[in-house]
Amino acid sequence: MPGAKASEAIRREQILNAAYRVAVRRGLQGTRIQEVAARAGVSHGLVLFYFKSKRGLLLAVLDRLLATTTILHVGEDIRMIASPIESLLALLRQEMDRLSSEPQRIRLTFDYWTAGIRDREIRLKMRTEFQRYRDAFFPLASDVLARDPERFHGVTPMGLAAVSVSFIKGCAIQAMLDPAFDIAQHLLAAENLLQFTHGAAVA
């Protein structure tokens with residue numbers, strides 16, 4: 001029945017939200033089904049009914065984490081910027097601000113990354129999603145290189161996309177380690193290292 005299916009979907013989402021909150025707080029090793037069930041207001045058995053095991057639950061949390069971390073949203077405000085370099089800078093600033101504002105999310109991401117060293121399924125999930133995130137920068141990186149090929153002589157679109165992502169992830173890591181980390185300074189350093197200066201290369 002449609003109503004029953006909707007109710008099941010809501011209950012599953014409720015458990016998944018609770019599991020995410022527990023995993024963020026406790027880490028993967030410290031996540032217990034009992035605590036997830038208590039936080040979700042359901043029985044231990046119901047958690048297992050939907051997710052089969054702790055591993056199944058943590059894989060579902062990973063899917064949720066990746067879906068909200070490695071999806072690149074390029075808004076109309078960025079699309080309307082005429083200069084490809086300025087667009088890329090705006091996108092870097094957006095992503096640095098977004099990821100650096102949630103250090104707990106970054107810590108959980110690294111917890112999964114560590115688990116992926118020994119867990120092939122986790123490793124493949126993360127590798128696929130991070131590659132997709134990097135690839136999303138490819139069109140804009142291509143526009144930047146086409147607009148100013150001399151400044152970026154020898155640089156490929158994928159190379160520029162990879163460097164852009166490395167600045168974003170590096171910013172997120174620094175913010176996780178240091179609450180007083182200055183994102184504006186990080187971006188300014190990134191601009192100069194990439195020779196981005198709002199219209200002129202660094203001398």
Side-chain angles (χ1 to χ4, degrees), residues 9 12-37 39-40 44 46-74 88 91-92 94-142 155-178 181 183 186 190 194:
R12 187 181 189 280
E13 188 72 10
Q14 180 181 346
I15 295 170
L16 191 54
N17 287 337
Y20 176 81
R21 293 195 299 272
V22 172
V24 161
R25 182 180 179 187
R26 305 288 191 190
L28 301 185
Q29 292 297 322
T31 298
R32 300 286 181 266
I33 289 182
Q34 292 88 340
E35 184 175 356
V36 172
R39 188 174 283 267
H44 177 280
L46 195 59
V47 175
L48 293 177
F49 172 78
Y50 282 109
F51 297 97
K52 309 304 180 187
S53 64
K54 176 183 173 179
R55 173 178 169 76
L57 179 62
L58 291 180
L59 286 175
V61 171
L62 174 59
D63 289 339
R64 163 69 61 81
L65 178 68
L66 293 174
T68 55
T69 302
T70 61
I71 300 299
L72 184 65
H73 296 286
V74 183
L88 182 57
L91 192 57
L92 287 175
Q94 168 192 292
E95 292 300 283
M96 288 177 185
D97 287 340
R98 180 176 71 89
L99 295 181
S100 300
S101 66
E102 299 183 20
Q104 289 182 321
R105 178 191 297 273
I106 301 303
R107 280 195 291 271
L108 184 58
T109 299
F110 275 94
D111 206 359
Y112 273 109
W113 188 263
T114 301
I117 294 173
R118 294 182 175 83
D119 190 310
R120 184 173 183 274
E121 185 173 3
I122 290 176
R123 183 168 65 253
L124 290 178
K125 279 178 177 284
M126 298 195 74
R127 181 180 297 169
T128 298
E129 289 305 309
F130 279 114
Q131 182 174 333
R132 185 159 65 88
Y133 181 73
R134 183 197 64 194
D135 291 348
F137 282 83
F138 186 90
L140 187 50
S142 297
V155 177
T156 66
M158 191 53 70
L160 182 55
V163 167
S164 299
V165 171
S166 71
F167 280 128
I168 293 166
K169 299 300 183 183
C171 182
I173 293 170
Q174 293 297 328
M176 177 184 70
L177 296 174
D178 180 7
F181 177 68
I183 296 174
H186 185 90
L194 291 172

Check your understanding: Which atom pair, heavy atoms only, marks the closest approach of R134 to A161?
Key -> O-CB, 3.7 Å
Point to revise | Nearest-0.5 Å distance that lies between atom OG1 in T31 and atom NZ in K54 | key: 6.0 Å
Point to revise | Distance, nearest 0.5 Å, that separates CG of D135 from CD of Q131 | key: 5.0 Å
Exercise for review: Please answer whether the main-chain N or O of L58 pairs with a side-chain N or O of Y112 as donor and acceptor at a distance below 3.5 Å.
Suggested key: yes
Study note, to complete from the structure: Checking L16, V22, V61 against V36 for side-chain contact (heavy atoms from CB on, under 4.5 Å), the one that qualifies is V22
**Study point:** Beyond-backbone contact of I71 with R132, side-chain heavy atoms, under 4.5 angstrom
**Key:** yes
Revision key, fill the gap. Note: I106 and L99 closest approach over all heavy atoms is CG1-O, 3.7 Å
Point to revise | Passing option when T69 is tested against R64, R105, R98 for side chain to side chain donor-acceptor pair (under 3.5 Å) | key: R105
Practice item. Measure the spacing between CG of L59 and CD1 of I122 and express it to the nearest 0.5 Å. Key: 5.5 Å
Check your understanding: Say you draw a straight line from OG1 of T109 to CE of M176; how long is it, rounded to the nearest 0.5 Å?
Key -> 9.5 Å
Point to revise | Taking every non-hydrogen atom, the tightest pair across L108 and A23 | key: CD1-O, 3.7 Å
Practice item. Could you tell me the separation between the CD atom of Q14 and the OH atom of Y50, rounded to the nearest 0.5 Å? Key: 9.5 Å
Review point. Do side-chain atoms of D111 reach the backbone of G27 as a donor and acceptor pair under 3.5 angstrom?
Key: no
Study note, to complete from the structure: For A60 and R12, the nearest pair of non-hydrogen atoms, with its separation, is CB-NH2, 4.3 Å
**Study point:** R32 side-chain N/O to Q29 backbone N/O, donor-acceptor pair under 3.5 Å
**Key:** yes
Review point. Can you check whether G116's main-chain N or O pairs, donor with acceptor, with K125's side chain at less than 3.5 Å?
Key: no
Exercise for review: Side-chain contact test, heavy atoms from C-beta onward, threshold under 4.5 Å: evaluate it for F137 versus L88 and give yes or no.
Suggested key: yes
Point to revise | Check against salt bridge (Lys or Arg N to Asp or Glu O under 4.0 Å), E35 and R21 | key: CA-CA 10 Å; E35 184 175 356; R21 293 195 299 272; over 6 Å; no
Check your understanding: Just wondering, do V74 and L140 contact through their side chains at under 4.5 Å, heavy atoms?
Key -> no
Exercise for review: Would you mind reporting whether L66 and T128 have side-chain heavy atoms less than 4.5 Å apart?
Suggested key: no
Review point. Counting only N and O atoms by type, is there a donor-acceptor contact under 3.5 Å from the side chain of S100 to the main-chain atoms of D97?
Key: no
**Study point:** Taking every non-hydrogen atom, the tightest pair across W113 and M126
**Key:** N-SD, 3.5 Å
Study note, to complete from the structure: Sequence neighbours excluded, the answer for ring-ring contact (aromatic ring centres under 6.0 Å, His included) partners of F49 is none
Exercise for review: Decide if atom CZ of R55 counts as having more than 12 heavy atoms of other residues, nucleotides or ligands within a radius under 6.0 Å.
Suggested key: yes
**Study point:** Cation-aromatic face contact K169/Y133, 6.0 Å, 45 degrees
**Key:** yes
**Study point:** Rounded distance [0.5 Å steps], CZ in F167 versus CG in L92
**Key:** 8.5 Å
